[in-house]
Student: 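I'd like to ask you about the structure that follows.
Chain identifiers are assigned alphabetically (A, B, ...) following the order of the sequence lines, protein sequences preceding nucleic acid strands; residue numbering begins at 1 within each chain.
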Amino acid sequence: MHDIRAIRENPSAFEAALARRGLTGISTEILTLDSARRAKILASETATAAQNAASKEAGAAKARGDDAEFNRLRGLVAEKKSETAAMTLEADQLDRQLRDLLLTIPNLPLDEVPDGPDESGNVEIRRWGSPRNFDFIPREHFEIAGVKPGMDFETAAKLSGARFVVLKGAVIRVHRALAQFMLDTHIEEHGLLETWTPVLVKEDAMYGTNQLPKFAEDSYQTTNGWWLIPTSEVTLTNTVAGDLLDESALPIRMTAHTQCFRSEAGSAGKDTSGMLRQHQFEKVEMVTICTPDAALAEHERMTNCAQAILEKLEIPYRTIVLCTGDMGFGSQKTHDLEAWLPGQNKYREISSVSTCGQFQGRRMNARFKVPGGKPEFVATLNGSGLAVGRCLIAVLENGQQADGSVELPAVLHHYLGGKTKIAASGVLE
RNA sequence: GGAGAGGUGGCAGAGUGGUCGAAUGCGGCGGUCUCGAAAACCGUUGUCGGUUUGCGCCGACCCAGGGUUCGAAUCCCUGUCUCUCCGCCA
């Protein structure tokens with residue numbers, strides 16, 4: 001959410017930044033609403049002050065036993081009261097309208113973010129590793145002989161429908177190994193705090209990390225009003241909601257491995273084969289809470305944490321900066337990591353690392369202060385480190401052999417009881 | 001699910017109808033003392049909104065939302081969260 005004062009002080013800068021995301025004319029609407037709101041607040045507070053004064057006099061009259069005066073003032077208070085109530089109602093409505101409007105406006109891109117209408121405007125900033133030369137036509141993950149016995153879409157469809165999978169045997173063991181490996185690396189080498197969170201949350205949390213109010217159709221809600229998190233960015237970030245932290249507590253760098261749930265509304269027909277795009281998947285997430293000054297450096301740091309995972313797994317990847325037209329709603333700047341998938345002959349997104357500046361901090365009312373200083377909203381960052389299912393795909397496709405077996409990355413071996421490959425039969429050996 | 005207790009400032013914790021934005025302690029900030037520090041002592045210290053060039057003034061906030069009252073942290077109702085006991089249970 002944006003600071004109304006900043007918009008008021010410099011509407012043209014606000015407008016110009018939003019224009020880079022393809023939005024125009026919003027500042028006029030905001031400022032009109034804001035001045036109406038402020039006028040109403042002034043009127044309502046003036047009326048309240050008069051009511052309070054009369055009420056105080058009434059109390060004094062009563063105390064000295066002047067019943068006539070007391071009764072006169074009591075009538076006056078009653079009169080003022082209805083006037084106050086009406087105006088306060090209007091002021092509250094306008095205040096709410098403004099807030100509701102502000103909640104639907106995306107974050108402003110940083111100056112350094114490239115302009116562009118959609119993903120075609122993204123800019124590659126790093127490329128690591130080189131795709132292997134196959135002396136056979138590499139298959140997609142679900143086509144590999146050694147993978148097939150452990151990746152069962154038919155049974156999943158019976159249980160739950162499309163976009164679900166049942167994983168078995170060697171495949172799920174590698175999946176589990178990947179998650180453990182990611183967590184251990186983040187904890188031991190990157191200094192992140194391992195955290196475990198609920199996956200069902202209250203509405204407020206979904207507002208805090210901007211899934212709501214605009215993207216309700218992308219997530220699932222239970223019959224009693226909880227939301228299933230689409231990412232543990234929601235829970236990790238909201239751990240500080242409403243808090244006033246001491247600056248010395250920052251940065252807070254967390255990681256969590258959770259299930260994630262997404263309706264994938266609007267992506268019908270996209271990535272329908274294999275387990276690239278599922279309603280339920282696992283992700284190891286990274287979230288940092290820090291001061292606004294530190295956010296950009298933390299963004300680089302977090303990007304490096306995600307890249308380190310792919311490098312240790314020896315998966316070729318590239319890092320891109322998303323352009324203004326492709327960035328998420330809450331982001332000021334986003335790096336996407338795309339892993340090489342030989343089966344698709346493409347780089348595909350496996351991680352997205354964003355800094356949100358104070359955008360979410362303001363929504364959550366999460367603040368920090370230096371001793372003796374004024375409270376300020378915290379900055380927040382989030383990034384996948386990594387999507388476990390997609391990482392599994394990358395490991396399987398990159399490690400596949402002509403005979404249908406899969407060689408597994410060395411860093412996973414000790415998580416697999418010393419086993420190094422999935423045989424063409426589907427057995428770990 | 002049943003019964004009970006409770007949610008007060010950064011933290012702990014008083015306050016059961018006006019003089020309470022709220023005692024006290026801790027913490028923070030400033031000072032005295034000291035070569036310096038500690039201790040001790042003195043002073044100071046909530047947040048948000050509106051308004052003002054500024055000093056300041058006004059309004060709101062004691063979990064949230066309603067209500068009673070001239071007046072609510074305090075009384076009533078609803079919700080919510082926490083704790084204790086019982087039941088059930090991975």
Side-chain angles (χ1 to χ4, degrees), chain A residues 1-9 30-103 196-208 222-227 235 238-250 252 258-259 289 291 358 361-378:
Chain A
M1 194 165 70
H2 296 288
D3 181 3
I4 182 62
R5 287 205 189 108
I7 301 173
R8 217 185 276 153
E9 278 164 27
I30 292 173
L31 292 176
T32 305
L33 194 51
D34 180 47
S35 63
R37 160 185 164 269
R38 285 192 291 159
K40 274 296 169 201
I41 287 174
L42 183 59
S44 125
E45 289 187 353
T46 306
T48 307
Q51 182 193 322
N52 288 349
S55 172
K56 205 161 193 174
E57 285 177 48
K62 175 132 190 160
R64 65 174 183 266
D66 187 345
D67 279 356
E69 181 65 356
F70 171 66
N71 283 322
R72 187 187 72 80
L73 287 165
R74 186 153 71 160
L76 183 63
V77 171
E79 228 172 85
K80 292 277 176 199
K81 204 170 178 177
S82 57
E83 185 186 334
T84 303
M87 282 198 276
T88 304
L89 185 69
E90 289 181 59
D92 287 352
Q93 275 172 357
L94 286 168
D95 196 52
R96 181 170 297 265
Q97 272 179 43
L98 178 65
R99 185 181 166 78
D100 287 351
L101 177 59
L102 289 174
L103 282 171
W196 187 88
T197 74
V199 296
L200 293 169
V201 298
K202 296 191 282 190
E203 191 173 70
D204 286 351
M206 295 286 276
Y207 272 93
T222 66
T223 51
N224 69 341
W226 284 325
W227 290 82
T235 45
N238 278 285
T239 53
V240 297
D243 288 352
L244 180 54
L245 304 162
D246 196 288
E247 190 197 24
S248 63
L250 303 177
I252 302 171
T258 68
Q259 301 281 342
I289 312 294
T291 64
Q358 294 175 295
R362 189 173 285 109
R363 287 171 95 97
M364 295 187 297
N365 191 29
R367 297 169 302 166
F368 74 95
K369 70 171 181 178
V370 292
K374 275 282 188 193
E376 266 190 84
F377 291 113
V378 298

Student: Could you go through nucleotides 79-81 of chain B and list every protein N or O atom that sits under 3.5 Å from one of its N or O atoms, giving the distance for each pair?
Tutor:
none

Student: Can you tell me how far apart CG (Leu250(A)) and OG1 (Thr291(A)) are? Round to the nearest 0.5 Å.
Tutor: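 Going from CG on Leu250(A) over to OG1 on Thr291(A), the span is 6.5 Å.
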Student: Any strand is fair game: report the nucleotide pairing with A12(B) by Watson-Crick or G-U wobble, both distances under 3.5 Å, or none.
Tutor: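 Checking every strand shown, A12(B) finds its partner in U24(B), with both distances under 3.5 Å.
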Student: Say you draw a straight line from CG of Asp95(A) to CZ of Arg37(A); how long is it, rounded to the nearest 0.5 Å?
Tutor: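 If I round to the nearest 0.5 Å, the distance is 4.5 Å.
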Student: May I ask which nucleotide in the shown strands pairs with G43(B), Watson-Crick or G-U wobble, both distances under 3.5 Å?
Tutor: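 In the structure as shown, G43(B) has C29(B) as its Watson-Crick or wobble partner.
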Student: What integer number of Å spans the P atoms of C88(B) and G13(B)?
Tutor: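 The answer is 34 Å between these two P atoms.
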Student: What is the base-pairing partner of A38(B), counting Watson-Crick and G-U wobble geometry with both distances under 3.5 Å?
Tutor: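 Matched A38(B) with nothing under the 3.5 Å cut-off.
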Student: Which whole number of Å gives the distance between the P atom of A60(B) and that of G67(B)?
Tutor: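 That atom pair is separated by 15 Å.
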Student: Nearest 0.5 angstrom please: Met206(A) CE to Arg363(A) CZ, how far?
Tutor: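 That separation rounds to 11.5 Å.
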Student: For Lys40(A), give me all partners under salt bridge (Lys or Arg N to Asp or Glu O under 4.0 Å), at least two apart in sequence or on another chain.
Tutor: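 Listed in chain order: Glu90(A).
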Student: Quick one: OG1 on Thr48(A) to NZ on Lys81(A), what's the gap to the nearest 0.5 Å?
Tutor: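 The OG1 atom of Thr48(A) sits 12.0 Å away from the NZ atom of Lys81(A).
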Student: Considering only heavy atoms from C-beta outward, does the side chain of Arg74(A) approach that of Asn71(A) to under 4.5 Å?
Tutor: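 Arg74(A) vs Asn71(A): side chains touch.
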Student: Distances under 3.5 Å only, N/O to N/O: pair up the protein atoms with those of nucleotides 67-74 of chain B.
Tutor:
| residue | atom | partner | partner atom | Å |
| --- | --- | --- | --- | --- |
| C70(B) | OP1 | Arg74(A) | NH1 | 2.5 |
| C70(B) | O2' | Ser55(A) | OG | 3.1 |
| G71(B) | OP1 | Lys81(A) | NZ | 3.0 |
| G71(B) | O4' | Ser55(A) | OG | 3.3 |

Student: Out of curiosity, Leu94(A) CG to Gln97(A) CD, how far, rounded to the nearest 0.5 Å?
Tutor: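 Taking CG in Leu94(A) and CD in Gln97(A), the distance rounds to 5.5 Å.
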Student: How would you list, by chain and number, every residue that makes a salt bridge (Lys or Arg N to Asp or Glu O under 4.0 Å) with Arg38(A), sequence neighbours excluded?
Tutor: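 Here the qualifying residues are Asp34(A).
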Student: Taking the C1' atom in each of G1(B) and G9(B), what is the distance between them to the nearest angstrom?
Tutor: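 Roughly 37 Å separates the two C1' atoms.
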Student: May I have the distance from Leu245(A) (atom CG) to C11(B) (atom C1'), rounded to whole angstrom?
Tutor: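 Answer to the nearest Å: 14 Å.
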Student: For U19(B), what is the paired nucleotide under Watson-Crick or G-U wobble rules, both distances under 3.5 Å?
Tutor: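 Answer to the pairing question: none, since U19(B) forms no Watson-Crick or G-U pair.
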Student: Within the distance-only criterion (no hydrogens, no angle test), does the side chain of Glu69(A) pair as donor or acceptor with the backbone N or O of Ala61(A) below 3.5 angstrom?
Tutor: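 Looks like no, no N/O pair under 3.5 Å.
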Student: Say you pick atom P in G30(B) and the same atom in A37(B); how far apart are they, in whole Å?
Tutor: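 Straight-line distance between the two P atoms is 12 Å.
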Student: Return the nucleotide paired to C85(B): Watson-Crick means purine N1 to pyrimidine N3 with N6-O4 or O6-N4, wobble means G-U with N1-O2 and O6-N3, both under 3.5 Å.
Tutor: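 Partner of C85(B): G2(B).
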Student: For a side chain to side chain contact (heavy atoms under 4.5 Å, CB included) check, start with the C-alpha distance between Trp227(A) and Thr222(A), then their side-chain angles and the critical distance, and finish with the verdict.
Tutor: CA-CA 6 Å; Trp227(A) 290 82; Thr222(A) 66; over 6 Å; no
Student: C1' atom, C58(B) versus U68(B): distance in rounded Å?
Tutor: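 Taking atom C1' in both C58(B) and U68(B), they lie 27 Å apart.
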Student: Determine the sole option in Thr258(A), Thr235(A), Thr239(A) for which the side chain to side chain donor-acceptor pair (under 3.5 Å) test with Thr197(A) is passed.
Tutor: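 Going through Thr258(A), Thr235(A), Thr239(A) one by one, the side chain to side chain donor-acceptor pair (under 3.5 Å) with Thr197(A) is satisfied by Thr235(A) alone.
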Student: Take atom C1' in U52(B) and the same atom in C26(B), then report the distance between them in whole Å.
Tutor: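 About 37 Å, rounded to a whole number of Å.
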Student: Taking pairing as Watson-Crick or G-U wobble with both contacts under 3.5 Å, can you name the mate of U53(B), or confirm there isn't one?
Tutor: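 When the pairing criteria are applied, nothing turns out to pair with U53(B), so the answer is none.
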Student: Taking only nitrogen or oxygen atoms into account, show me every contact under 3.5 Å that the protein makes with nucleotides 46-51 of chain B, one pair per line with its distance.
Tutor:
| residue | atom | partner | partner atom | Å |
| --- | --- | --- | --- | --- |
| U47(B) | O3' | Arg367(A) | NH1 | 3.1 |
| G49(B) | OP2 | Arg5(A) | NH2 | 3.3 |
| G49(B) | N2 | Glu45(A) | OE1 | 2.8 |
| G49(B) | N2 | Glu45(A) | OE2 | 3.4 |
| G50(B) | OP1 | Arg8(A) | NH2 | 3.1 |
| G50(B) | OP2 | Arg5(A) | NH2 | 3.3 |
| U51(B) | OP1 | Arg38(A) | NH1 | 3.4 |
| U51(B) | OP2 | Arg38(A) | NH1 | 3.4 |

Student: Say you pick atom P in U32(B) and the same atom in U19(B); how far apart are they, in whole Å?
Tutor: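 The same atom, P, in both gives a distance of 38 Å.
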Student: Heavy-atom nearest nucleotide on RNA chain B for Thr48(A) versus Val370(A): which residue maps closer to 5'?
Tutor: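 This one resolves to Val370(A).
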Student: With rounding to whole Å, what would you report as the distance between U24(B) and C35(B) at their C1' atoms?
Tutor: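 Going atom to atom, C1' in each nucleotide, I get 37 Å.
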Student: How far does CE of Met87(A) sit from CG of Leu42(A), to the nearest 0.5 angstrom?
Tutor: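 Met87(A) CE to Leu42(A) CG: 10.0 Å, rounded to 0.5 Å.
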Student: Let me know the distance between CG of Asp92(A) and P of A60(B), rounded to the nearest Å.
Tutor: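 After rounding, the reported distance stands at 12 Å.
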Student: What pairs meet the salt bridge (Lys or Arg N to Asp or Glu O under 4.0 Å) rule with one or both residues in residues 54-65 of chain A, with sequence neighbours excluded?
Tutor: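 Those involving residues 54-65 of chain A are Arg64(A)-Asp66(A).
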Student: What nucleic acid atoms does Asn52(A) come within less than 4.0 Å of, heavy atoms only: base, sugar-phosphate, or nothing?
Tutor: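 Touches sugar-phosphate only.
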Student: Is there a Watson-Crick or G-U wobble partner for G59(B) with both distances under 3.5 Å, and if so, which one is it?
Tutor: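 In the structure as shown, G59(B) has C48(B) as its Watson-Crick or wobble partner.
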Student: Considering Watson-Crick and G-U wobble pairs with both distances under 3.5 Å, what does G71(B) pair with?
Tutor: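 No nucleotide pairs with G71(B).
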